[in-house]
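Within every chain, numbering begins at 1; the chains are lettered A, B, ... in the order of the sequence lines, protein sequences first and strands thereafter.
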Amino acid sequence: MLELIIQNRFAVVAVILFGIGFLNVLLQQNLLKKVVGFNIMDSAVFLLLASLGYIEGGIAPIVGEQGFNPQYINPIPSGLVLTGIVVSVSITAFSLALIQRIYRRYGTIRLNELLEKAGKEDD
Amino acid sequence: MRPMVENYPFFSIFACMVAGILCAVIKKGKTAWYLTIGVCALTALLSALTLAAVGEGDGYAFVYTMGRFAAPYGNAIRVGPLQALLTMVFAGVMALALTGGSRDLFHDVQEKKLPLYCTMCCMTLASLLALTYTNDVFTGYVFIEISTIAACALVMAKDTGPNLIATIRYLFMSLLGSGLFLIGLTFLNAVTGYLLMPSLSTAIADLAASGQYHVPLTVSAGLMVAGLGVKSAMFPFHLWLPGAHGGATTTSSAILSGLVLKGYIVLMIVLMVRVFGLALMVEMGMTTVVLLFGLMGMIFGSVSAIREHHVKRMLAYSSVAQIGYIFMGLGLGSPAGIVASCFHILVHATCKPLLFLCAGRLSAVSGHHRSLKNLRGSAYRDIAAGIGFTVGALSMIGIPLFGGFVSKLYFASASLNSNGMVMVLLTIALSTVLNALYYVPAVLAIWITPPPELQQHILEISDPREAEFDRNFTIAAVILMAGVFVLGIFYHPILDVIQMGVQLL
């Protein structure tokens, strides 16, 4: 059992992180904490992706003096992680800007209070 | 040397992106607006030319690799008759939505923010095109995210408090959806090692034949379908939609309801048919889940719409019901169901923008009131808007000669011989009645002359400039109405193209 966990340590950590992030997104009322939750979720996925492409003892996939011979790690998941990080950063920036705008207008960033206030404002 | 026409799909994606960047540096709002409409029209034209080329005879589909990197390293798009037809309609409707909602747009969005709004429109179109054309799942993911940001920006362009909150809810739901999609993608990549759809498809077929990794495959398909379902407002995840689509400015509502939701559905269709294969989707039970959610969406979307008095939110709830129809067609798990869904995508993409544009115009001539009570008699203040709303509503109910009727007919005939036949037919019948229950009162409300004192009151509060003839709106409404009738009367050639396209998907 313990051996299995150690073998799959990245996947186990990723699942735990994902759970933490997901619960944050669902249960927190504070919008900022929700964004943090999303970031934790994303990190979990990136960890899983990066670990999938990793080969024990592999080196960076750059064609150098050694030619194609040595064992490389799989570059595709790393590429995905890079793209994913860019996406995650831009989405985070966008949500933070939006939250700032909401705070200026309503003076709170708790979702339940916001929904209450917006309901009154609606015609 | 490939024929020139095979470059057009890539050109159109590229043109949209370049136009988006240009819009961001243009100072004058009106110039950016013209540029965006121009690029939408150009895309529609290029797609039409592509359609003419690939739809000839028995039709063919081609793969266009970008750069000089051949598969499995490079990125590719795949174009067939279905994709060309869909993008043509998407781009055309987008141009019409921008034209028709222009007066509201200039009223709701600040002058100096208008170029940025146009940037977001261009990006939305670029991501719609890419989602339709892509032959690589990860490119699909990237454009899902671009589409999310652009769509959220379209909602918040009208800077009011409730809109900001609707945007943040939309954003969080969308992020959840794309997160689920990304995990599904990770699992799929882990079991197969590919991202390009043709390689994925052969790898999955091998795995399915050998019975290996059955659970990871099912989980990954489920996560991808759920992720795209959240983003396209599949029934239990639709709660963000009414606020976001109901509160935004007219053009945004038309684009979001009519087009943005469809981009994700097209990607889902491609995943179901090209990557996993319909037989495997049925075997994994995925289609049953989609069918059930679709049926529930058809009922509950309409029930919520009946209880709504705010006309744009009513239309938004009606979108939930119409999206339910599309998912029902996918859930039938047969090519006939997919064909019916694709046809309904076209019908809804013309009807809903028409309804939103007309509703926006009707409320503009009634002092920007949105509740049906205050819209009474508004059809007489702008006849074109009144007729357009009526045409759209009748098509949504499914009256013969209107587009909605044909798609219901094809949904019903696709459901024959499937296992859920009785349930599907009954739900279609019930949903038609429910649709009539809220569209007929709405149509009556706009055509009934209100009591004189109410009319006097509305004339006092409404801006006389709004009552002037709106040429842009009238042109857009007439073209969209013509589209609804074309889909309802001359549907045979369109369905032939869709059938050919689904086979070549």
Side-chain angles (χ1 to χ4, degrees), chain A residues 11 14-15 18 21-22 25-26 28 31 34-35 37-42 44-53 74-77 79-81 83-84 86-88 90-106 109 111 113-123, chain B residues 72-73 75 137-139 141-146 148-150 152-153 155-156 159-176 178-191 193-196 223 239 243 246-247 309-310 313 363 368-371 373-374:
Chain A
V15 168
F18 190 83
F22 195 67
V25 170
L26 287 187
Q28 293 284 0
L31 293 178
K34 272 185 196 280
V35 173
F38 275 116
N39 275 313
I40 298 176
M41 257 168 75
D42 281 345
V45 180
F46 298 150
L47 175 66
L48 186 65
L49 255 177
S51 72
L52 286 176
N74 183 358
I76 291 179
L80 299 192
V81 171
T83 321
V86 173
V87 169
S88 155
S90 44
I91 294 268
T92 308
F94 184 74
S95 5
L96 291 180
L98 196 59
I99 292 171
Q100 193 189 29
R101 192 88 159 260
I102 289 177
Y103 183 73
R104 280 203 197 131
R105 189 177 287 262
Y106 288 105
I109 50 169
L111 194 60
E113 292 171 22
L114 280 171
L115 288 176
E116 213 170 281
K117 286 187 179 180
K120 277 179 204 154
E121 206 175 301
D122 215 8
D123 53 2
Chain B
Y73 305 107
N75 200 339
V137 261
F138 197 74
T139 310
Y141 167 71
V142 173
F143 278 96
I144 284 176
E145 296 284 19
I146 294 178
T148 303
I149 298 187
C152 285
V155 176
M156 64 180 287
D159 193 6
T160 64
N163 256 354
L164 288 177
I165 294 169
T167 312
I168 198 101
R169 290 181 78 192
Y170 181 22
L171 184 66
F172 283 166
M173 280 312 269
S174 294
L175 287 184
L176 203 60
S178 39
L180 293 178
F181 185 83
L182 180 61
I183 302 166
L185 193 78
T186 312
F187 287 158
L188 201 58
N189 183 247
V191 288
Y194 295 110
L195 288 171
L196 273 177
L223 285 170
L239 289 172
H309 299 292
H310 184 289
R313 272 211 296 269
S363 74
H368 286 282
H369 271 294
R370 295 275 159 69
S371 69
K373 186 170 84 232
N374 289 320

K.L.:
Out of curiosity, B:Leu164 CG to A:Tyr103 OH, how far, rounded to the nearest 0.5 Å?
P.N.:
15.5 Å
K.L.:
Any side-chain heavy-atom pair from A:Val87 and B:Tyr141 closer than 4.5 angstrom?
P.N.:
yes
K.L.:
Which bit of B:Thr160 is near chain A, if near means a heavy-atom gap under 4.5 Å: side chain, backbone, both or neither?
P.N.:
backbone
K.L.:
Which bit of B:Leu175 is near chain A, if near means a heavy-atom gap under 4.5 Å: side chain, backbone, both or neither?
P.N.:
both
K.L.:
Give, for atom CZ of A:Phe22 and atom CG of B:Leu180, the distance between the pair rounded to the nearest 0.5 Å.
P.N.:
6.5 Å
K.L.:
Using a 4.5 Å cut-off on heavy atoms from C-beta on, say whether the side chain of B:Asp159 contacts that of A:Arg105.
P.N.:
yes
K.L.:
Which heavy atom of A:Phe94 sits nearest to which heavy atom of B:Cys152, and what is that distance?
P.N.:
CE2-CB, 3.6 Å
K.L.:
Let me know which of A:Leu111, A:Val25, A:Val35 forms a side chain to side chain contact (heavy atoms under 4.5 Å, CB included) with B:Phe172.
P.N.:
A:Val35
K.L.:
For side chain to side chain contact (heavy atoms under 4.5 Å, CB included), just list the numbers for B:Ile168 and A:Lys34, CA-CA rounded to whole Å, side-chain angles, deciding distance to a tenth of an Å, and then say yes or no.
P.N.:
CA-CA 11 Å; B:Ile168 198 101; A:Lys34 272 185 196 280; over 6 Å; no
K.L.:
How long is the straight-line distance from CG of A:Leu31 back to CZ of B:Arg169, given to the nearest 0.5 Å?
P.N.:
11.0 Å
K.L.:
Nearest 0.5 Å please: distance from the OG atom of B:Ser174 over to the CD1 atom of A:Ile91.
P.N.:
8.0 Å
K.L.:
Nearest heavy-atom pair of A:Leu48 and B:Phe187: which atoms, and what distance?
P.N.:
CD2-CE2, 3.8 Å
K.L.:
For A:Leu49, is it the side chain, the backbone, both or neither that has a heavy atom under 4.5 Å from a heavy atom of chain B?
P.N.:
both
K.L.:
Look at A:Val45, A:Ile99, A:Ile102 and state which one has the largest set of heavy-atom pairs under 4.5 Å with chain B.
P.N.:
A:Ile102
K.L.:
Let me know if B:Ile146 has heavy atoms under 4.5 Å from chain A in its side chain, its backbone, both or neither.
P.N.:
neither
K.L.:
Quick one: are B:Ile165 and A:Tyr106 in side-chain contact, heavy atoms under 4.5 Å?
P.N.:
yes
K.L.:
Quick check on B:Phe138 against chain A: is it the side chain, the backbone, both or neither that has a heavy atom closer than 4.5 Å?
P.N.:
side chain
K.L.:
As an exercise, state the distance from CG of A:Leu80 to CG of B:Leu185, rounded to the nearest 0.5 Å.
P.N.:
7.0 Å
K.L.:
Go through it in stages, so that I can follow the logic: the residues are A:Phe46 and B:Thr186, the test is side chain to side chain contact (heavy atoms under 4.5 Å, CB included), and I'd like the CA-CA distance, side-chain angles, deciding distance and then a yes or no.
P.N.:
CA-CA 9 Å; A:Phe46 298 150; B:Thr186 312; over 6 Å; no
K.L.:
Set out, in order, the CA-CA distance, both residues' side-chain angles and the distance that settles side chain to side chain contact (heavy atoms under 4.5 Å, CB included) for A:Val86 and B:Glu145, then state yes or no.
P.N.:
CA-CA 11 Å; A:Val86 173; B:Glu145 296 284 19; over 6 Å; no
